[in-house]
2 protein chains.
Amino acid sequence: MREGKRKKLEAKGWKIGGPRELLGLSGEEESYIELRLRLAEGLKARRKAHGVSQIELAQAMRSSQSRVAKMEAGDPTVSLDLIVKSLLTLGTSNRELAAIITRG
Amino acid sequence: MREGKRKKLEAKGWKIGGPRELLGLSGEEESYIELRLRLAEGLKARRKAHGVSQIELAQAMRSSQSRVAKMEAGDPTVSLDLIVKSLLTLGTSNRELAAIITRG
DNA sequence: CTAGTATATGTCAGATCTGACATAGTAGCA
DNA sequence: TGCTACTATGTCAGATCTGACATATACTAG
């Protein structure tokens with residue numbers, strides 16, 4: 001992983017495990033985090049496109065404004081489950097979900 | 001939601017909330033569960049295609065055989081996070097992930 | 001400036017998920 | 001039959017995530 005990118009992620013609160021790539025083990029951790037960030041971006045973009053505030057989205061899915069903010073900020077304490085549920089609450093289809101994941 | 005499908009999901013341990021669809025609120029819950037089941041299926045198929053046992057996959061991702069079994073069974077106590085991490089551990093690309101989600 | 005609206009960030013008790021373990025079931029083979 | 005490998009299911013203490021709340025920041029409009 002690029003050192004710059006690592007710095008950026010650690011600033012968001014991610015703790016990147018040692019260089020397991022040297023053991024031929026992975027890149028899986030990086031893929032996972034990037035996937036999350038992509039979904040987070042997709043969520044923010046979609047919410048704004050719908051003209052919905054964080055509070056409104058939070059109410060629609062019975063969560064809270066702070067949790068929505070954390071989702072969109074890529075906070076590591078938010079689960080993929082919650083992010084995906086948010087996208088689905090906004091009416092995102094499987095096809096659109098796939099597009100968000102693929103986009104890069 | 002079809003009554004038959006609901007029965008099937010409840011047998012797996014899912015508790016389906018009341019008919020919120022009447023309030024115009026959703027189908028989001030159903031989408032979420034179906035997405036999970038699709039990923040679960042994709043995981044099982046991919047693992048087998050790789051000729052990997054549940055134990056081997058579990059070791060590769062520092063989980064346990066029982067958890068892998070639950071993932072593949074669509075058990076509701078398993079998070080999306082874990083299922084996605086499993087797929088990534090098997091080397092699934094974003095494009096393949098998207099295909100799994102879209103396939104239906 | 002003040003008020004209103006939206007978003008960001010930190011905290012925490014309670015809810016949920018996790019790995020580990022035990023155990024049961026299944027399939028193939030000698 | 002027994003033996004081995006693989007998978008399924010249940011349980012639980014400890015780890016992680018959650019909604020709620022407080023508070024801070026940023027931007028507009030009056």
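Quick caveat, the model's predicted, so the values are computed rather than measured. Scope of the values below: all heavy atoms of this structure, side chains included, with no hydrogens, waters or symmetry mates. Labels below follow one simple rule: chain letters A, B, ... track the order of the sequence lines, proteins then strands, and each chain is numbered from 1.
Not one N or O on the side chain of A:R36 forms a donor-acceptor pair closer than 3.5 Å with the backbone of A:M71. Panel note: side chain B:E72, backbone B:A69; no donor-acceptor pair is recorded below 3.5 Å. Within the 3.5 Å criterion, the main-chain N or O of B:T102 finds no donor-acceptor partner in the side chain of A:N94. Remark: side-chain polar atoms of B:D81 are not paired, donor with acceptor, to backbone N or O of A:S79 under 3.5 angstrom.
In plain terms, the two heavy atoms of B:A60 and B:T89 that are nearest each other are CB-CG2, 3.9 Å. Residue B:S64 comes nearest to B:A58 through the heavy atom pair C-CB, 3.4 Å, listed as atom of the first residue, atom of the second, then distance.
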Could you walk me through whether A:L97 and B:L35 pass the side-chain contact (heavy atoms from CB on, under 4.5 Å) check? CA-CA 10 Å; A:L97 220 48; B:L35 176 59; 3.8 Å; yes
Quick one: which protein N/O atoms are closer than 3.5 Å to N/O atoms of nucleotides 6-8 of chain C? Pair and distance per line, please.
from	atom 1	to	atom 2	distance (Å)
C:dT7	OP1	A:R47	NH1	2.9
C:dT7	OP1	A:R47	NH2	3.4
C:dT7	OP2	A:Q54	N	2.8
C:dA8	OP1	A:K44	NZ	3.3
C:dA8	OP2	A:Q54	NE2	2.8
C:dA8	N7	A:Q65	NE2	2.9
C:dA8	N6	A:Q65	OE1	3.0

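One finds no salt bridge joining B:R47 and B:E56 here, because no Lys/Arg side-chain nitrogen approaches an Asp/Glu carboxylate oxygen to under 4.0 Å. By the 4.0 Å N-to-carboxylate-O rule, B:E29 lies too far from A:K85 to be salt-bridged with it. Ion pairing between B:R103 and B:E41 fails under the 4.0 Å rule for side-chain N and carboxylate O.
A nucleotide of DNA chain D counts as in contact with chain A when one of its atoms lies under 4.0 Å from a heavy atom; the first and last such, 5' to 3', are D:dC17 to D:dC21.
Residue A:S64 is classed as a base contact, given a heavy-atom separation below 4.0 Å to a base.
Direction change of the helix axis from one end of the helix from C:dC1-D:dG30 to C:dA30-D:dT1 to the other is 40°, with five pairs defining each end axis (rounded to 10°).
In terms of position along DNA chain D, the nucleotide closest to B:R67 lies nearer the 5' end than the nucleotide closest to the other residue of the pair B:D81 and B:R67.
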